[in-house]
Asker: 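Just passing along the structure, written as structure tokens.
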Amino acid sequence: MIYLKTDEEIELMRLSNQLVGKTLGEIAKHVKPGVTTLQLDKIAEEFIRDNGGVPTCLGYEGYPNSICASVNEQVVHGIPKASKVLNEGDIVSIDLCVTLNDFVGDSAYTFCVGEVSPEVKRLLKTTKESLYKGIEAAVEGKRIGDVSSAVQTYCESHGYSVVRELVGHGIGKGMHEEPEVPNYGRRGCGPLLRSGMCICIEPMINMGSKNVAFESDGWTVRTKDKKCSAHFEHCIAIRPEGPDILSSFKFLEEVLGENAI
Ligand code: MF3
Ligand code: CO
């Protein structure tokens with residue numbers, strides 16, 4: 001069942017997603033060599049609660065933290081740890097959800113820790129660009145497959161591979177609603193995009209092969225070949241005027257300045 005949101009509900013979704021964006025901005029201030037992913041988790045949780053929100057991931061299907069922090073070969077769902085110290089040259093994908101006024105916001109961004117190699121920077125840039133290719137294709141009357149294909153075509157044309165096991169999703173009062181939004185697929189296929197649909201588009205793109213494995217904690221997904229993976233996510237609403245991006249990278253970009261990807 002796909003729940004279409006009213007204009008009022010979309011404005012509530014925007015508020016949740018803007019708090020997600022501000023929390024990513026707060027995290028951006030602290031992504032530096034020497035910080036642990038658990039410290040980033042605590043900073044995010046405090047910031048979310050101080051702003052009247054609830055960290056949706058905490059306790060979700062037993063997930064133990066407020067954010068996912070996935071370093072280098074980790075793709076998504078990295079569990080923050082006191083032992084996971086960020087080093088110069090690492091990348092860290094931060095994915096977080098906030099519940100505010102009963103609606104969930106969800107966005108993710110891959111940060112550079114200090115100076116990162118040009119090859120890895122190119123992976124991040126391409127993955128972020130592919131997110132916007134997907135968003136551009138998210139037009140009323142088109143289909144999910146048009147979004148999927150836009151992301152896949154762009155990333156593969158740059159020599160990267162698309163993770164198959166994890167997908168984007170509808171969102172609303174629930175963090176995960178129908179439909180699924182894969183990052184691979186065929187144009188003209190899949191569920192119809194209708195005004196009022198809210199979806200998360202979240203390319204998870206690997207430098208090497210598309211294959212992934214679970215780490216022993218049962219949550220963290222990593223690449224099989226241990227090469228880097230990037231993850232960028234926006235929450236959008238389908239509207240008659242076109243795709244409406246509800247989340248925001250503006251806050252973290254203000255912090256990163258010209259170092260932003
Ligand atoms: N934001 C993630 C997503 O888009 C959710 C994290 S899963 C959790 O699916 F279990 F960690 F909450
Ligand atoms: Co998501």
Side-chain angles (χ1 to χ4, degrees), residues 2-3 5 13-14 16-24 27 37-38 40-42 44-45 48-49 53-71 74-81 84 92-100 103-111 127-128 130-132 134-135 138 144 147-148 151 162-184 197-205 212 214-215 217-222 229-238 243 245-249 252:
I2 296 176
Y3 297 100
K5 278 77 182 174
M13 294 279 298
R14 195 186 312 279
S16 310
N17 277 289
Q18 290 293 302
L19 181 49
V20 173
K22 288 174 188 166
T23 309
L24 287 173
I27 287 176
T37 55
L38 190 62
L40 297 179
D41 179 72
K42 294 300 164 217
E45 177 172 6
I48 292 165
R49 294 197 192 281
V54 173
T56 322
C57 291
L58 184 62
Y60 178 83
E61 291 183 11
Y63 187 76
N65 291 85
S66 297
I67 65 170
C68 300
S70 310
V71 180
Q74 296 177 339
V75 180
V76 286
H77 302 168
I79 297 184
K81 289 192 171 72
K84 195 81 177 176
V92 59
S93 304
I94 304 291
D95 186 0
L96 67 98
C97 295
V98 166
T99 307
L100 188 69
F103 284 92
V104 182
D106 183 5
S107 180
Y109 193 90
T110 302
F111 294 91
T127 305
K128 187 177 168 208
S130 79
L131 167 59
Y132 291 101
I135 292 171
I144 290 288
V147 175
S148 306
V151 172
V162 175
V163 173
R164 303 296 202 270
E165 285 81 352
L166 299 128
V167 295
H169 49 91
I171 186 165
K173 290 191 173 174
M175 177 164 71
H176 293 147
E177 294 184 358
E178 287 179 30
E180 289 194 341
V181 185
N183 298 302
Y184 57 95
M197 273 173 73
C198 291
I199 58 171
C200 289
I201 304 176
E202 48 180 317
M204 289 156 261
I205 306 300
V212 297
F214 279 95
E215 291 187 1
D217 60 25
W219 277 100
T220 311
V221 178
R222 66 159 174 85
S229 183
H231 180 209
F232 289 83
E233 173 177 16
H234 268 316
C235 175
I236 68 159
I238 312 296
I245 305 178
L246 304 177
S247 48
S248 175
F249 296 152
L252 70 90

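The basis for the numbers below is simple: all heavy atoms, side chains too, and nothing from hydrogens, waters or symmetry mates. Remember, it's 1-based here, ligands and their atoms both numbered in the order they're listed.
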Asker: Tell me if the OH atom of Tyr60 is crowded by more than 12 foreign heavy atoms within 6.0 Å.
Answerer: yes
Asker: Do Tyr184 and Val163 touch side chain to side chain, with heavy atoms closer than 4.5 Å?
Answerer: no
Asker: Just to verify, what does Tyr132 make a side chain to side chain donor-acceptor pair (under 3.5 Å) with, not counting sequence neighbours?
Answerer: His234
Asker: What residues come within 4.0 Å of ligand 1, counting heavy atoms only?
Answerer: Cys57, Tyr60, Tyr63, Cys68, His77, Asp95, Cys97, Asp106, His169, Met175, His176, Glu202, Trp219, Glu233
Asker: Using a 3.5 Å distance criterion without hydrogens, assess whether the side chain of Thr56 forms a donor-acceptor pair with backbone atoms of Thr99.
Answerer: yes
Asker: How would you list, by chain and number, every residue that makes a ring-ring contact (aromatic ring centres under 6.0 Å, His included) with Tyr3, sequence neighbours excluded?
Answerer: none
Asker: Would you confirm whether Thr110, through its side chain, and His231, through its main-chain N or O, come within 3.5 Å as a donor-acceptor pair?
Answerer: yes
Asker: Quick one, Ile67 and Pro55 - any side-chain contact, counting heavy atoms below 4.5 Å?
Answerer: no
Asker: Knowing that exactly one of Leu38, Thr37, Leu96 qualifies, which makes a side chain to side chain contact (heavy atoms under 4.5 Å, CB included) with Asn65?
Answerer: Leu38
Asker: Is there a side-chain contact between Val20 and Ile48 (heavy atoms, below 4.5 Å)?
Answerer: no
Asker: Among the protein atoms near the Co ion (ligand 2), how many are N, O or S and lie under 2.8 Å away?
Answerer: 4
